[in-house]
Participant: 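Pasting a structure below so you can have a look.
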Amino acid sequence: FTKMKKKDLSIIIAHYMPTDNGKQNPLIKTLKSINNQKNNYNIEIIIADDGSDYTNDIINNFSKKISIEDDKRDIYVLNNNKLNLWLKNKNINPSLISNWVYIPKYINCMSKARVVNQAVKLSNSEYLCFLDDDNYFISDNSIGNIINLFKNYNLIIGQVKDNNGEFRFYSSHRVQGTTIAVKKNIIENIDGFGEWTEEFSCGVDSDLWIKLFTYFNKDKNLKA
């Protein structure tokens with residue numbers, strides 16, 4: 001059989017949107033910022049959906065179902081033709097989205113870590129970029145910069161612009177959530193995002209940064 005060619009970059013977008021907030025889906029703007037600069041790069045987008053209401057019908061039309069040990073929930077994956085038809089029905093541009101990973105909200109908790117970890121398993125690149133659905137690229141060449149930086153670095157941190165349009169200085173030493181790019185083998189070696197955080201519905205960002213900090217401290221050859 002023919003082995004699928006590795007992607008230059010897998011962009012994993014953590015997504016959650018209740019239908020009752022009356023706002024436009026922030027994911028649309030984030031996808032547009034990626035599509036505007038994909039250029040000649042071979043990239044993929046995987047949506048890690050933590051139980052959005054408007055995606056509940058995935059349960060009735062999935063491509064793959066993954067059971068969770070000792071849990072009443074399953075994880076559902078939508079891809080290929082089923083995904084394309086579903087995206088068009090939702091008025092979402094299907095360009096570049098390879099998988100939509102969904103977990104239903106049967107339990108009132110934040111399951112971002114669990115769906116993102118499943119998205120990592122499905123990714124087809126050695127290089128990962130993580131975004132939240134309301135995080136979008138503010139540079140016209142973020143993808144190109146990330147891919148080039150991966151030639152010399154294992155972890156890439158971009159500059160954040162806050163809701164007031166102000167850039168956050170690196171010297172502020174504030175953890176910027178999980179909007180980073182990192183080599184896939186590092187995420188695998190630190191056992192991914194902390195699924196224990198479901199119990200508290202918080203701590204996903206801190207857990208990841210503590211594990212990355214510890215991992216990089218042990219291996220001084222790694223560069224960020």
Participant: Could you tell me if the side chain of N42 sits less than 4.5 Å from the side chain of K6, heavy atoms only?
Facilitator: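 The answer is no, as the side chains (C-beta and beyond) never meet within the 4.5 Å cut-off.
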
Participant: Over all heavy atoms of both residues, which pair between I12 and A48 is shortest? Give the atoms and the distance, please.
Facilitator: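 That closest heavy-atom pairing would be CG2-CB, 4.4 Å.
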
Participant: Just checking, K65 and Y76: is the charged tip under 6.0 Å from the six-membered ring centre and within 45° of the axis?
Facilitator: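 Ring-cation test returns no.
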
Participant: So, for R114 and R73, which heavy atoms are closest and what is the spacing to 0.1 Å?
Facilitator: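 Distance-wise, the nearest heavy atoms are NE-NH2, 3.7 Å.
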
Participant: Is any side-chain heavy atom of K7 closer than 4.5 Å to a side-chain heavy atom of N124?
Facilitator: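 K7 reaches N124 side chain to side chain.
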
Participant: Taking the basic N atoms (NZ, or NE/NH1/NH2) and the acidic carboxylate oxygens, is any pair closer than 4.0 Å for D8 and K38?
Facilitator: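 Not counted as a salt bridge, because no side-chain N and carboxylate O are separated by less than 4.0 Å.
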
Participant: Would you call L83 and P94 a side-chain contact if the rule is heavy atoms closer than 4.5 Å?
Facilitator: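 They are not in contact (no side-chain heavy atoms under 4.5 Å apart), so the answer is no.
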
Participant: Do F130 and F193 have their ring centres less than 6.0 Å from each other?
Facilitator: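 Yes, they do, as the ring centres are separated by less than 6.0 Å.
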
Participant: Check the side chains of K105 and S111 for a donor-acceptor pair under 3.5 angstrom, ignoring hydrogens and angles.
Facilitator: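 Per modelled atom types, S111 and K105 side chains form no pair under 3.5 Å.
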
Participant: Indicate yes or no: at least one non-hydrogen side-chain atom of I34 is less than 4.5 angstrom from one of I45.
Facilitator: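 In short, these two side chains touch, coming nearer than 4.5 Å.
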
Participant: Quiz question: by atom type and distance under 3.5 Å, do the side chains of N61 and W86 form a donor-acceptor pair?
Facilitator: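 Result is no, nothing qualifies.
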
Participant: Compare all side-chain heavy atoms of Q37 with those of S142 and state whether any distance is below 4.5 angstrom.
Facilitator: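 Contact flag for Q37/S142 side chains = yes.
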
Participant: Any luck finding a side-chain donor-acceptor pair between D133 and T30 under 3.5 Å?
Facilitator: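 No, because no side-chain N or O of D133 sits under 3.5 Å from a partner of the opposite role on T30.
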
Participant: Going hydrophobic residue to hydrophobic residue with side-chain gaps under 4.5 angstrom, can you get from I107 over to Y16?
Facilitator: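 Different hydrophobic clusters.
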
